[in-house]
Amino acid sequence: MGRWTPPPGTTAPLIGWPEPPYLQFADDGTWTGADGCNRQKGTWSVDTAGTFKATFEGDQEKLCENFNIGPWLEATQTVEINGDLLTLRDAGKKQLGQLWRAAGSAAPSPT
């Protein structure tokens with residue numbers, strides 16, 4: 001859960017970025033985000049084997065240099081959280097991208 005952003009040092013707005021990139025997971029199984037140019041949304045789940053699945057209902061209206069958050073999520077099968085670092089990996093365990101927990105976005109409580 002929570003809000004995630006690109007690693008420190010990569011969030012300076014580029015020309016054409018109406019807002020900094022981010023990814024927000026909600027506990028209702030939805031996610032929202034922005035790649036720097038376009039708002040994106042979709043759904044996410046984790047099955048009983050621990051496999052992560054996400055849908056991407058992205059809005060590709062503008063082309064710009066961006067973070068491919070929606071396509072990363074669609075290809076992700078493993079999500080690793082190490083402190084405030086979120087790593088997205090595909091079926092072959094290849095790293096697709098990394099995001100940092102946004103300031104003020106608390107880690108979920110263990111259940």
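We number each residue from 1, following the sequence as shown.
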Undergrad: State, to 0.1 Å, how close L99 and W72 come at their nearest heavy-atom pair, and which atoms those are.
TA: CD2-CZ3, 4.3 Å

Undergrad: Go through the structure and list residues passing side chain to side chain contact (heavy atoms under 4.5 Å, CB included) with D27, not counting sequence neighbours.
TA: M1

Undergrad: Taking ring-ring contact (aromatic ring centres under 6.0 Å, His included) as the cut-off, I'd like each qualifying pair that reaches into residues 26-51, sequence neighbours left out, listed once.
TA: F25-W44

Undergrad: I need the D84 CG to W100 CH2 distance, nearest 0.5 Å.
TA: 7.0 Å

Undergrad: State, with a plain yes or no, whether a side-chain heavy atom of T51 is found less than 4.5 Å away from one of V46.
TA: no

Undergrad: Do W4 and L85 have side chains that get closer than 4.5 Å, going by heavy atoms?
TA: no

Undergrad: State the CD-CD distance between E74 and E57, to the nearest 0.5 angstrom.
TA: 9.5 Å

Undergrad: Side-chain contact, heavy-atom cut-off 4.5 Å: T30 with K41?
TA: no

Undergrad: So, for P6 and P21, which heavy atoms are closest and what is the spacing to 0.1 Å?
TA: CD-O, 3.3 Å

Undergrad: Can T43 and T55 be counted as having a side-chain donor-acceptor contact under 3.5 angstrom?
TA: yes

Undergrad: Using a 6.0 Å cut-off, check whether atom CG of D28 has over 12 heavy atoms from anything other than its own residue.
TA: yes

Undergrad: Please set out all donor-acceptor pairs under 3.5 angstrom arising from side-chain atoms of residues 88-95, sequence neighbours excluded.
TA:
from, atom 1, to, atom 2, distance (Å)
R89, NE, E80, OE1, 3.2
R89, NE, E80, OE2, 2.9
R89, NH1, K93, O, 3.1
D90, OD1, G92, N, 2.9
D90, OD1, K93, N, 3.1
D90, OD1, K94, N, 2.9
K93, NZ, T78, OG1, 3.2

Undergrad: So, do F52 and L73 sit near enough that their side-chain heavy atoms are less than 4.5 Å apart?
TA: yes

Undergrad: Quick one: pull up CZ in R101 and CG in L23 and give me the separation to the nearest 0.5 Å.
TA: 11.5 Å

Undergrad: Is any side-chain heavy atom of V79 closer than 4.5 Å to one of T87?
TA: no

